[in-house]
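One structure is given here, and the rest of the page talks about it.
Start at 1 and go down the list; that is how both ligands and their atoms are numbered.
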Amino acid sequence: MVFENPVVKEIVEKYRVVWALNHAMGLMGWDSETYMPRAGVQERALARAELSVLSQKLLLRDELVSLVEKAKGLEGLNDYEAGLIRVLDREISIMKKLPPEHVYEFSRVTQEAFEAWRKAREKDDFEIFKPYLEKIVELARKTAEYLGYEEHPYNALLDLYEEGLRIRDMDAVYNAIIPWSRKVLDKVLEEGYFPQNHELEKVKYERGPMERVNKEVLDLLGYPWDRARLDVSPHPFTISLGIRDVRITTRYEGVDFRNTIYSVVHEFGHALYELQIDEALMATPLATGVSMGVHESQSRFWENIIGRSRAFIRHLKPILDKHLDFTRKYDEEELYKYVNIVRPSLIRVEADEVTYNFHTYLRYELEKQLIAGEIKVDDLPELWSDYMEKLLGVRPKSHKEGVLQDVHWSHGSIGYFPTYTLGNVLAAQVRAVADRELGGLYKRVAEGDFASIREFLREKIHKYGSTYPPKKLVEKATGEPVNPEYFNKYLQEKFLSKSI
Ligand code: MG
């Protein structure tokens, strides 16, 4: 039994209604992104807004809050019990610190901002989005004030997405990886082994055969179809409704087929984390991945570290050749190059492993300064373009390719971008441990022994759910705190030595 203490057991009982409501809302969210008729959007938004308020009320019930308070003073709790109290206490304290008027205002502004962002992006006119973004920055600053922080208000926002993450942590990561990534990029561009373009990018495909490819890729990785689904949505995502019901999506753009496959492999990584949580944690606040950064490390591990390796391409090629007629004339090395195109580009979501972190770095630096009031929203487009040019040598010709490309700010998500890079860095760190403990990660991949890799991740990371705070989980799983040198070493091996 993971929960033995009677107070903790009572908390689990009292929490269940919150879990149940979140379960239902999760299903509504999944449906909104996949099968809901488009015209249903208004009623769905109304229903979800009402239910989120209800969920908050249920969480802040006196009987639950006072039990959590009581449990905080208990000694001798096991790790799961202590974790459960930590997670609930954190959730309750965040919700208590933010006044309802602020939460309401935030939700109202971001709803309007999303529409404004869409329109601004369509018309390539930053002025349409500007007043909303100004309001969002102001609200984010207020959020930081309500939550409290040390040293810098941005720290409070980082902490919302990644418990315990601070500017000093991310500065250390970026200071370690950005200069080295630049060197690797220069060398890669000079050598030309990893191409900047590939003719396969232009080849059109039919959706039917590609769906069969994706299904077979998931079979290969060991996707449990009795507990998981694959559907289609405009933006690929993963949602866990429970440990035995996890759903991923991909999209079919009809061209440049690596995108749909690698979305699937990426989301598989997210899904596997949720699927491999210890079932004893079912229907508790611990039954979910612990943070955005740790979650992204799992998706990046499968997508990049495994999926874009030569050892994996060996398995992918026969699947492609079986369902698609146009891949047969390309050998494994040529397919490997196609999925590992390296080019300095303007768009984050299209960025490769070498250039990706420049994109989050730019946003991270701008966000810090925005929140500190050191720069103005008005100056963003220009600052963005200058910074892009300085980092990657490319300059947006439109706002669509620059400051208006991401949806995140319109959702009010400030402090989120750095967790993508934290994920990349952690994935490389996990790879080093996997290599050691599995007797060679790529040997296992080459053998098609994905079961051992899944098991390794289950034991090291997945089974705990949110039991340990992210920093502690990383130390427990890898034997040390976040160490960006593993990422640098990975880039070296893959893109300079070409040995992966
Ligand atoms: Mg992801």
Task: Gln298 side chain reached by Ile461 side chain, heavy atoms, under 4.5 Å - done: yes

Open item on the list: Could you check whether Lys215 makes a cation-pi contact with Trp225, meaning its NZ or CZ is under 6.0 Å from the centre of the six-membered ring and within 45° of the ring axis?
Closed with: yes

Task: Residues that Tyr416 engages under ring-ring contact (aromatic ring centres under 6.0 Å, His included), provided they are two or more places apart - done: Tyr161, His408, Tyr420

TODO: Return yes if some donor-acceptor pair links the side-chain N/O of Arg343 with the main-chain N/O of Gln196 below 3.5 Å, else return no.
DONE: yes

Open item on the list: When you measure from the centre of the six-membered ring of Tyr262, is the NZ or CZ of Arg308 closer than 6.0 Å and no more than 45° off the axis?
Closed with: yes

Task: Distance filter under 2.8 Å, centred on the Mg ion (ligand 1) - protein N, O or S atoms that pass it - done: His266 NE2, His270 NE2, Glu296 OE1

Open item on the list: Keeping Trp117 on the side-chain end and Leu404 on the backbone end, is there a donor-acceptor pair under 3.5 Å?
Closed with: yes

